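Report on the following structure.
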Amino acid sequence: MKIFADTADLAAIETLAEAGLIDGVTTNPSLIAQSGQSFLAVIAEIAVCVEGPVSAEVTGTEFDQMMREADVLRAIAPNICVKLPLTLAGLRACRRLSAEGCSTNVTLCFTANQALLAAKAGATFVSPFVGRLDDIGLVGCDLLHDIRQVYDNYPNLQTQILAASLRSANHVQMAALIGADAATMPPKVIEALAEHPLTRSGLEGFLRDWAATGQSILQ
Ligand code: E4P
């Protein structure tokens, strides 16, 4: 499963990319607003940091404006993936951009039917929002199961499932077990994937015993 960082925090992206832990980046207008930076400038900087897809989202709601914005975004770098909302206008723009060879990410997906339409529109990725379904009392991971099953039923559908709105290491593990093609998460969730209390306490024990030997590897 590919791992994407869901952030516009350049320093965090650089650290994760250097460690080889991320295959791409996703952003959304809220993350750009949080970063306090210029949208086009920060996207250009991120696109240099990672080789994989960098999702940059249009903000227009009508087809014509989406297409004009997409032209600006895709001109930034070859690894820009144009992110479009799962609306009829967004799907139409997705179809047009995909036909032109542009990578696309259809976002704000909450049902398997919506994911089916995203695939019909030729989306490179569809982003089902797991955590936001949990927020309203549903089981967000069920959506990943449903989309996986629909896509597997029709192998001609080429869209990759990009599990999104993942808030915990458990969400990520579920996405991987279900067979999501990719998962996007905040940097703190990526860091949490490496954590286990037995890893921590085991290391403390090894270091205590090592210190008691009085030895040093470095002379
Ligand atoms: C995905 O592309 C979105 O940017 C993101 O995963 C949304 O996550 P949230 O529901 O935690 O805001």
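These numbers were taken from a predicted model, which means no experiment stands behind them. Indexing begins at 1, ligand by ligand and atom by atom, following the structure's order.
Each of V172, L166, V139, D135 was compared with V130 under the side-chain contact (heavy atoms from CB on, under 4.5 Å) criterion, and only L166 meets it.
Here D64 does not pair with R68 in a salt bridge; the nearest charged N to carboxylate O distance is not below 4.0 Å.
Residue E62 qualifies as open at atom CD: its count of foreign heavy atoms under 6.0 Å is 12 or below.
In this structure, a donor-acceptor pair under 3.5 Å is absent between the side chains of E57 and T107.
Pairs of residues two or more places apart, or lying in two chains, that qualify as salt bridge (charged side-chain N to carboxylate O under 4.0 Å, His left out) and include a residue from residues 100-124 are R74-E100.
Listed as neighbours of ligand 1 are D6, N28, K83, F129, R132, A164, S165, R167, each bearing a heavy atom under 4.0 Å from the ligand.
With hydrogens and angles disregarded, no donor-acceptor distance shorter than 3.5 Å links the side chain of S55 to the backbone of T26.
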